[in-house]
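Owing to the predicted nature of the structure, the values given are computational and were not obtained by experimental measurement.
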Amino acid sequence: MTIRYTPFLKFSLLASAVLAGCAQTRQVAIDYPTAEANGAQSAQTTKAHPFQALPGFQGIDGDDYYVRLISEFDFKSDSALKSGCGSIVPSYGKNDSSSALIYTVRNNSLKFNNEAAGFSYQTAAGQCNFKFDAKKLNLTPWMRLDSGKETQVDYSFYSSADSDVDVAGLVNKATAASSLLAFTGVGMGVAVMGQFAGQWLNNNQQAQATAPSATHSTESHSLPAMVRYSDKGGTLNETVFKVYAVAEGGVNIMGSDPKPLGELRIYPEITPSLLLKTQTNGIPDARDLSLNEISYSPVKSATGDINLQQLIEQSKHPEKPNLKPDWGNYDDVQNNCRKLKLVMKDLGFNKFDRNAFIYYFLANNSDWKNYNITAQKVSGDEISAKALQSYRSKNFGNCLAADDYAVMKIMGLPVNTDADWAQMGDTSQKKEQFFMPLKSIERQWVAVLKNPNKAEMESQIYPLLNTAKNGDGTVLLQNHLGDFGLEKLLQPAPVATAPVTTPGQTIPVAAGPVAAPAAPALIPIPGEGLVVSAHQLAQVFSGLAFNELSCARVLPGQQAGNVGILLFTTQENSPRAKGGAMEFEFSGGKINRIAFQLPAYRDFEQDVLDHPEIGGCRIDPAFLAKLH
């Protein structure tokens, strides 16, 4: 059964006890909280303010917001306490009556206890000798939402008409305890969770032993939970008390004249970050920072100002990290990353602030940069599949989970998520397929060119050649390297023959020198090239006397990928000093055209300088220097 209280009865329950005598005084009262907290007739209400999951997140997980509790008094009438005063006296002789609303705030998971005065009122005889104090207060420091939701708040309304009961002293004690929470600025209070908070009330609170009397009353109640959330939405619960000034004319309580004084509001507020700027959509922005900048972010604590780096270094945590590890040692950096993550979480920092600091901590490590390689570099043929696999293997998995990478990315930081790596792996696979025919031809081609035996070379080269005009074992040969005697290399070497004799036949002795056999006429090579046989090509390669061969790579600007080029140097006895480049066109696993080129032809040399490695083929600039 619900007992309904009339407004008059409510005031009579919580109004300060009436002063004896006939001198008119003014008291302060609040309404008794009824069961119908949100009813139209209630003067104490709980208002629910909704909040949502941040953009890009499926729900609220408690690690994405900070929450703190605020007490604030809104005056509704400037003259309610001053009504009837001819002059305002700044002080009073004694505290004939006093009242106060005291909060008791506790969070067991954080070992946090605090007391604070929502308001206090003190007056002496007469209407004009009073002091009303209702400052805006931070009842809690910033707490991560998952731990802050456990905060419980009770309030007690004290009133006394006995000057021997020190309600003012009770207020002073609570004020001293809560003053440590009156911080502003980045990192407010977050540093002290689990380290200092549990000591605040214990060090400042003293039990107020007061003997019950007819002129002293106390009433205590609990407030609803400050915050609730689930899935994609949550509510912040604001409690509002209506506060009245009550004029008393002696012992007759029927003479009460309540006038609205204002509203006392207790409400939570949330923020997604204490260290970073916030974008218009509510997501923290972690871009354009450095390790130094974020390390020196100011943090307020019970012991005074401190920066974030000092806070971490001075932590008593058993897993305290080394903020200056061996940056070239992947295991050392990863281990300290893990410790840094644990310490920052235990200090109360949420996933945005933690991961922003971790990102800039890891930015000094080359493995971190490799893991977060851009898709443009992968698609630009600069990274081999083997190198890419090595980069991905060092993913700092002992420190960071997939959710951490997602948080970094949503804050604007250039990191690779699993989805990014899947896309880059697909790009790399397609690139491998693009280069696969070239790689197959290259392996066979280089093996032939390195064979010092001309007869074996010819037999190996034959199945690799084909032209539409002459079929297998033939190739179109072109020369854009200059006049180095290619035509001569194509001619068969002259063979000396001995004269044939019969038994008993005498070979006449020549009267003079014998003339050498005439060399066959050189066949000029036209601009479009000359189709030659495997035998002739083997003669050319043997005559050139190769020394070193580079790997083969696709000719710059080639979309089909069926034209490759490699560099070669020659031995001292070669007709081509130093060497050059060999371009080859292929289809169906057979070479159709070979062209000797200058290295700079089709801008190949500059392409090598700009991109030393493409498609798994790396040509160092030092190789180019040997050709000049």
Within-4.5 Å side-chain heavy-atom neighbours: [X] and [Y]:
X      : Y      : answer
Trp368 : Leu400 : yes
Lys394 : Gln334 : no
Phe357 : Ser297 : no
Thr151 : Val105 : yes
Asp154 : Ser222 : yes
Lys339 : Asn322 : no
Asn114 : Tyr103 : no
Leu388 : Arg392 : no

After noting the C-alpha distance and the side-chain angles of Leu110 and Glu150, does the key distance pass the side-chain contact (heavy atoms from CB on, under 4.5 Å) rule? CA-CA 9 Å; Leu110 298 176; Glu150 305 297 331; over 6 Å; no
Closest non-hydrogen atom pair between [X] and [Y], with its separation:
X      : Y      : result
Phe434 : Pro437 : O-CD, 3.6 Å
Leu438 : Gly564 : CD1-CA, 3.9 Å
Val343 : Glu319 : CG2-O, 3.6 Å
Asn372 : Pro414 : CB-O, 3.6 Å
Arg553 : His611 : NH2-O, 2.7 Å
Lys431 : Val378 : NZ-O, 3.1 Å

I want to know whether Phe396 and Tyr330 have ring centres closer than 6.0 Å.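 Between Tyr330 and Phe396, which both carry aromatic rings, the centre distance is below 6.0 Å.
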Taking the six-membered ring for Trp, are the ring centroids of Phe157 and Tyr155 within less than 6.0 Å of each other?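 For Phe157 and Tyr155, the ring centres are not under 6.0 Å apart.
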In terms of heavy-atom contacts, does [atom1] of [X] have more than 12 from other residues, nucleotides or ligands at under 6.0 Å?
X      : atom1 : value
Gln389 : CD    : no
Gln433 : CD    : yes
Lys135 : NZ    : no
Asp231 : CG    : no

My understanding is that only residues two or more places apart in sequence, or in another chain, count here; which of them pass side-chain contact (heavy atoms from CB on, under 4.5 Å) with Leu54?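 So Leu54 forms a side-chain contact (heavy atoms from CB on, under 4.5 Å) with Phe57, Asp64, Tyr65, Pro272, Ile283, Phe352.
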With sequence neighbours excluded, residues passing side-chain contact (heavy atoms from CB on, under 4.5 Å) with Asp620: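 Expected list: Arg618.
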CA sep, side-chain torsions, deciding dist, call: Lys341, Ile358, side-chain contact (heavy atoms from CB on, under 4.5 Å): CA-CA 7 Å; Lys341 182 178 180 180; Ile358 288 172; 3.8 Å; yes
Identify, with sequence neighbours excluded, every residue that meets side-chain hydrogen bond (donor to acceptor under 3.5 Å, both in side chains) alongside Ser290.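 Here the qualifying residues are Glu293.
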What's the separation between atom [atom1] in [X] and atom [atom2] in [Y], rounded to the nearest 0.5 Å?
X      : Y      : atom1 : atom2 : answer
Leu289 : Leu275 : CG    : CG    : 9.5 Å
Leu555 : Asp607 : CG    : CG    : 8.5 Å
Tyr391 : Asn370 : OH    : CG    : 4.5 Å
Asp288 : Lys277 : CG    : NZ    : 7.0 Å
Met143 : Lys149 : CE    : NZ    : 12.5 Å
Asp331 : Asn398 : CG    : CG    : 8.5 Å

Do Lys47 and Glu238 sit within salt-bridge range, that is, some charged N less than 4.0 Å from a carboxylate O?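 Answer for the salt bridge query: no.
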Under a plain distance cut-off of 3.5 Å, with no hydrogens placed, do Asn336 and Asp332 share a side-chain donor-acceptor pair?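 Distance-only check passes for Asp332 and Asn336.
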Side chains of Asn292 and Ser295: do they bring a donor and an acceptor to under 3.5 Å?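 No - no donor-acceptor pair under 3.5 Å links their side chains.
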Name all pairs fulfilling the disulfide bond (SG atoms under 2.5 Å apart) condition that reach into residues 305-336, sequence neighbours left out, sorted by first residue then second.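 Those involving residues 305-336 do not exist here.
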If we ignore hydrogens and angles and just use 3.5 Å, is the side chain of [X] paired with the main-chain N or O of [Y] as donor and acceptor?
X      : Y      : result
Asn237 : Ala225 : yes
Arg228 : Thr235 : no
Ser390 : Lys386 : no
Ser156 : Ile102 : no
Tyr359 : Leu413 : no

Please walk me through it: do Trp327 and Phe361 pass ring pair (Phe, Tyr, Trp, His ring centres under 6.0 Å)? CA-CA 10 Å; Trp327 294 116; Phe361 171 78; 5.1 Å; yes
Between Val299 and Gln310, is a side-chain contact (heavy atoms from CB on, under 4.5 Å) present by the stated rule, with each step listed? CA-CA 10 Å; Val299 176; Gln310 292 172 329; over 6 Å; no
Apply side-chain contact (heavy atoms from CB on, under 4.5 Å) to Asn138 and Ile70, showing your working. CA-CA 5 Å; Asn138 297 320; Ile70 306 294; 2.9 Å; yes
Out of Asp404, Asp61, Asp403, Asp63, which one pairs with Lys351 under the side chain to side chain donor-acceptor pair (under 3.5 Å) rule?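 Looking at Asp404, Asp61, Asp403, Asp63, the match for Lys351 under the side chain to side chain donor-acceptor pair (under 3.5 Å) is Asp61.
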Quick one: list whatever passes ring pair (Phe, Tyr, Trp, His ring centres under 6.0 Å) with Phe604, sequence neighbours left out.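 Listed in chain order: nothing, the list is empty.
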Tyr296: which residues meet the ring pair (Phe, Tyr, Trp, His ring centres under 6.0 Å) condition with it, sequence neighbours left out?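 Once residues adjacent in sequence are excluded, Tyr296 has no partner under the ring pair (Phe, Tyr, Trp, His ring centres under 6.0 Å) criterion.
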Do the rings of Tyr371 and Tyr405 sit parallel, tilted or perpendicular, given the 30° and 60° boundaries?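 If you compare the ring of Tyr371 with that of Tyr405, the planes turn out tilted.
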